[in-house]
Peer 1: 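I'd like to ask some things about the structure below.
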Protein chains: 2
Amino acid sequence: MKKVLAIQQKIIPEMIELLKKRYEILKNIYYNQPVGRRSLSQELNLGERIVRTEVEFLKNQGLVEVNPIGMVLTRDGEKILEELKEIIYVLNDYKHLEEKVQKLLKIKRVIIVPGDSEKDKTVLKEMGRACANYVKEIIHEGSIISLTGGTSVAQVVENFPRIVTKDVLVLPARGGIGRDVEIQANTLTANLAKKISANYRLLHVPDNISLETLETIANEPEVKEILEILSKSDLLIFGIGRADEMSKRRGMSPQQINELISKGAVAEAFGYYFNKSGEAIFRTPSIGINFYDVKNIKNVVAIAGGKNKAEAIIATKVNNPNMVLVTDEAAANEIINILHSK
Amino acid sequence: MKKVLAIQQKIIPEMIELLKKRYEILKNIYYNQPVGRRSLSQELNLGERIVRTEVEFLKNQGLVEVNPIGMVLTRDGEKILEELKEIIYVLNDYKHLEEKVQKLLKIKRVIIVPGDSEKDKTVLKEMGRACANYVKEIIHEGSIISLTGGTSVAQVVENFPRIVTKDVLVLPARGGIGRDVEIQANTLTANLAKKISANYRLLHVPDNISLETLETIANEPEVKEILEILSKSDLLIFGIGRADEMSKRRGMSPQQINELISKGAVAEAFGYYFNKSGEAIFRTPSIGINFYDVKNIKNVVAIAGGKNKAEAIIATKVNNPNMVLVTDEAAANEIINILHSK
DNA sequence: CAACATAGGGACATATTAGGTCCCGTATTT
DNA sequence: AAATACGGGACCTAATATGTCCCTATGTTG
């Protein structure tokens with residue numbers, strides 16, 4: 001397969017571009033269906049007419065169905081989309097990219113999804129799906145899974161296939177942070193647990209509380225118990241954020257944010273802020289998984305994409321050689337860029 | 001590979017046409033190099049400008065080199081051409097075609113080359129090459145190879161790779177026929193023998209002689225010896241011709257030709273004329289391999305292409321289940337046409 | 001039930017590209 | 001030295017791709 005595609009890239013590169021274009025269209029229809037021509041063309045950054053021409057073609061091929069309510073992939077279309085993914089994967093030589101990033105970051109494995117999640121929302125969904133598929137394989141009887149909040153992890157949960165597990169426990173890696181209920185660790189925990197028919201426990205802790213109250217809460221028997229189980233997680237799924245964005249989203253005061261940034265914080269993950277060297281220089285006043293526990297977790301899966309996350313991804317060093325990173329093409333290229341120019 | 005191509009046919013069917021076009025161009029450059037743009041466009045039945053555009057593209061891809069003397073394939077170009085062949089092969093599902101024809105003719109194997117040798121001279125060369133590659137594999141120590149004349153067999157010899165064999169003997173299957181020295185069995189025999197570093201013997205017999213003289217010659221010790229070895233051939237390569245064409249080329253009188261045709265002769269091979277039912281109804285007054293010997297030869301390879309040869313191919317029944325046919329797409333389709341409509 | 005938003009498809013002007021044709025300077029052959 | 005065949009420049013035209021706007025149907029919402 002690789003050989004055929006290599007030859008084709010040499011002899012009919014225009015067709016390969018066309019292939020990618022149609023793949024993008026199929027993918028976008030799939031993730032937004034039922035969707036209209038105009039919103040699709042916006043989503044894809046393509047002219048309305050060109051989308052129309054392509055859709056007409058795809059309709060003739062029996063891959064999309066066009067209803068007055070919008071366009072939908074047919075069964076065939078879904079099948080082709082699935083198979084196209086593999087082709088796109090080989091075409092862009094992601095295998096090679098993955099290995100490169102994996103070696104640069106000195107982690108266990110990197111999984112790269114085509115595209116740029118900043119520009120194309122479906123890429124984030126693909127990342128979630130890729131991550132979910134990976135995680136699915138390592139869940140076993142008795143697994144204790146902990147996860148953080150955030151849009152990326154939310155996509156992992158959303159795209160998690162419904163499976164039946166035995167004796168699995170899902171926990172939030174941190175107490176509730178942020179206002180958006182949909183992407184809070186607690187919500188995601190409950191949703192994931194339902195999807196995989198697992199048990200779950202939650203951590204209800206208010207945001208930005210004083211250190212004293214925090215300590216009091218942490219000593220509550222119920223909370224304490226969860227924190228203890230948490231430290232025994234054998235699978236942690238967490239998103240990586242930029243320090244500037246996350247500090248704002250967490251509602252920190254401008255002064256605090258300034259201080260944080262001036263100290264060199266560039267990344268945030270499971271409540272910790274990291275500087276460029278990967279040192280944890282600040283901890284969100286909240287309860288949850290301990291930084292030093294993370295090192296010993298058997299499976300640590302980070303998820304983050306988009307060019308602007310590259311620096312944060314590099315900075316987030318959990319010093320766990322078992323870490324797996326799920327990211328997108330844009331971030332991967334930028335990571336290589338940064339680390340190679342050093 | 002088959003799967004990838006199947007998906008691509010669904011999602012980018014335009015690809016196939018383009019791929020074939022560029023394949024044709026590469027192939028034609030290869031077989032005519034160094035060749036100019038104009039003669040190429042004539043050869044390909046394509047506009048001068050379109051050839052130019054494509055050649056410019058191929059030049060940019062580093063597949064052809066453009067000199068003031070003409071265009072030449074680069075090393076890369078040759079490699080790609082070779083690999084494209086396989087893709088074209090799978091794309092057109094020749095495997096399937098081959099099996100169909102093989103079953104219809106009830107022979108051992110059919111090898112089909114893309115295109116139509118009537119319209120495109122390079123197809124004949126490809127047939128020769130395909131045949132040569134097949135033959136190369138079955139030659140072994142002590143092989144006795146016999147071959148006829150004709151343009152098709154000439155291409156087999158021309159495209160035979162230079163190899164070193166041990167104790168191989170090459171013989172003409174018949175005494176010299178036709179005026180064109182280049183394609184006489186004797187010439188081909190000598191040429192093939194040189195290419196594979198084998199020994200060879202020749203049969204110098206004048207054309208269209210009286211039966212008496214023929215018998216006298218056949219009893220010459222030297223000739224007799226060769227005829228004896230000939231009957232022990234373990235590999236026969238022969239071309240198949242149309243009865244009407246061959247009788248003319250052999251210089252038969254109009255009366256003789258008329259008689260032959262009215263008796264139903266449609267095919268000619270190694271000096272015998274066959275009717276539609278595959279019965280040998282006439283023998284050229286010349287010496288050479290015996291029809292009844294052919295049945296017992298271990299490897300019999302026939303080569304013939306072009307739509308108008310289809311009938312002759314069907315008619316040439318040597319009743320040897322070991323026969324292998326090398327032909328082209330046009331002939332193969334026509335064979336199926338004829339035999340299916342019956 | 002009516003107003004509205006959004007769907008696909010028709011129609012057409014325009015930008016872009018592909019293709020046909022002819023010519024020219026140059027290098028090679030005769 | 002003349003003739004031939006080469007690639008490449010130039011330019012016109014045909015074909016195609018794309019942008020734009022409008023129309024009618026169909027769900028949705030107040």
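Just so it is clear: chains get the letters A, B, ... in the order the sequence lines come, proteins before strands, and each one is counted from 1.
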Peer 1: Does the pair B:E78/B:R75 count as a salt bridge with the N-to-O cut at 4.0 Å?
Peer 2: yes
Peer 1: Rounding to a whole Å, what distance do you find between B:Q42:CD and D:dA5:P?
Peer 2: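 The distance from CD of B:Q42 to P of D:dA5 comes to 11 Å, rounded to the nearest Å.
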Peer 1: Search all heavy atoms of B:E118 against all heavy atoms of B:K307 and return the closest pair with its distance.
Peer 2: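 Minimum heavy-atom separation between B:E118 and B:K307: OE2-N, 2.7 Å.
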Peer 1: Quick test of your reading: applying ring pair (Phe, Tyr, Trp, His ring centres under 6.0 Å), list the pairs with at least one residue in residues 74-97 of chain B, sequence neighbours left out, ordered by first then second residue.
Peer 2: B:Y89-B:Y94
Peer 1: When you look at B:Q8 and B:L5, which way does the side chain to side chain contact (heavy atoms under 4.5 Å, CB included) test go after all the steps?
Peer 2: CA-CA 5 Å; B:Q8 290 179 333; B:L5 292 174; 3.5 Å; yes
Peer 1: Expressed as a whole number of angstroms, how long is the span from A:L46:CG to D:dT18:C1'?
Peer 2: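 For the pair A:L46 CG and D:dT18 C1', the rounded distance is 11 Å.
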Peer 1: Only pairs under 3.5 Å count here: list side-chain donor-acceptor contacts from residues 156-164 of chain B, not counting sequence neighbours, and write none if there are none.
Peer 2:
{"from": "B:N159", "atom 1": "ND2", "to": "B:K125", "atom 2": "O", "distance (Å)": "3.4"}
{"from": "B:N159", "atom 1": "ND2", "to": "B:Q155", "atom 2": "O", "distance (Å)": "2.9"}
{"from": "B:N159", "atom 1": "ND2", "to": "B:Q155", "atom 2": "OE1", "distance (Å)": "3.2"}

Peer 1: Quickly work out the B:I50 CD1 to D:dT16 P distance and round it to whole Å.
Peer 2: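 Those two atoms, CD1 and P, are 12 Å apart.
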Peer 1: Which part of the nucleic acid, if any, lies within reach of B:V35 when heavy atoms closer than 4.0 Å are counted: base, sugar-phosphate only, or nothing?
Peer 2: sugar-phosphate
Peer 1: One thing to verify: whether A:E14 and B:R22 come together as a salt bridge, which I'm taking to mean a side-chain N less than 4.0 angstrom from a carboxylate O.
Peer 2: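 A salt bridge is present here (some side-chain N lies under 4.0 Å from a carboxylate O).
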Peer 1: Got a list of protein N/O to nucleotides 11-14 of chain D N/O distances below 3.5 Å?
Peer 2:
{"from": "D:dC11", "atom 1": "N4", "to": "B:R49", "atom 2": "NH1", "distance (Å)": "3.4"}

Peer 1: Considering non-hydrogen atoms only, spot the tightest contact between B:V113 and B:A130 and give its length.
Peer 2: CG2-CB, 3.8 Å
Peer 1: What one-letter contact string describes nucleotides 21-30 of chain D from 5' to 3', where B marks a base within less than 4.0 Å of any protein heavy atom, S marks contact via sugar-phosphate atoms alone, and - marks no contact?
Peer 2: BB---S----
Peer 1: With a 4.0 Å cut-off, would you call A:K59 and A:E56 a salt bridge?
Peer 2: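 Salt bridge between A:K59 and A:E56, a charged N being under 4.0 Å from a carboxylate O: no.
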Peer 1: On DNA chain D, compare the nucleotides closest to B:G36 and A:T53; which residue's is nearer the 5' end?
Peer 2: B:G36
Peer 1: Do the charged groups of B:E82 and B:K85 touch, with an N to O distance under 4.0 Å?
Peer 2: yes
Peer 1: List the atom of B:T148, the atom of B:L188, and the distance in Å for their closest heavy-atom pair.
Peer 2: O-CD1, 3.6 Å
Peer 1: With heavy atoms of chain A within less than 4.0 Å as the criterion, where does contact along DNA chain C begin and end?
Peer 2: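 Listing 5' to 3', DNA chain C meets chain A from C:dA7 to C:dC12.
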Peer 1: Measuring from atom CG of A:L63 to atom CD1 of A:I25, what distance do you get when rounded to the nearest 0.5 angstrom?
Peer 2: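 Output value for this atom pair is 11.5 Å.
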Peer 1: In degrees, rounded to 10°, what is the bend between the two ends of the helix from C:dC1-D:dG30 to C:dT30-D:dA1, using five pairs at each?
Peer 2: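 Answer for the end axes of this duplex: 20°.
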Peer 1: Assign B:S39 to base, sugar-phosphate, or nothing according to its heavy-atom contacts below 4.0 angstrom with the strands shown.
Peer 2: sugar-phosphate
Peer 1: Within a reach of under 6.0 Å around NZ of B:K121, are more than 12 heavy atoms found that belong to other residues, nucleotides or ligands?
Peer 2: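 Counting neighbours around NZ of B:K121, 12 or fewer heavy atoms of other residues, nucleotides or ligands fall under 6.0 Å, so no.
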Peer 1: Looking at every heavy atom in both B:P13 and A:Q61, which two are closest together, and how far apart are they?
Peer 2: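 Smallest interatomic distance, heavy atoms only, reads CG-NE2, 4.2 Å.
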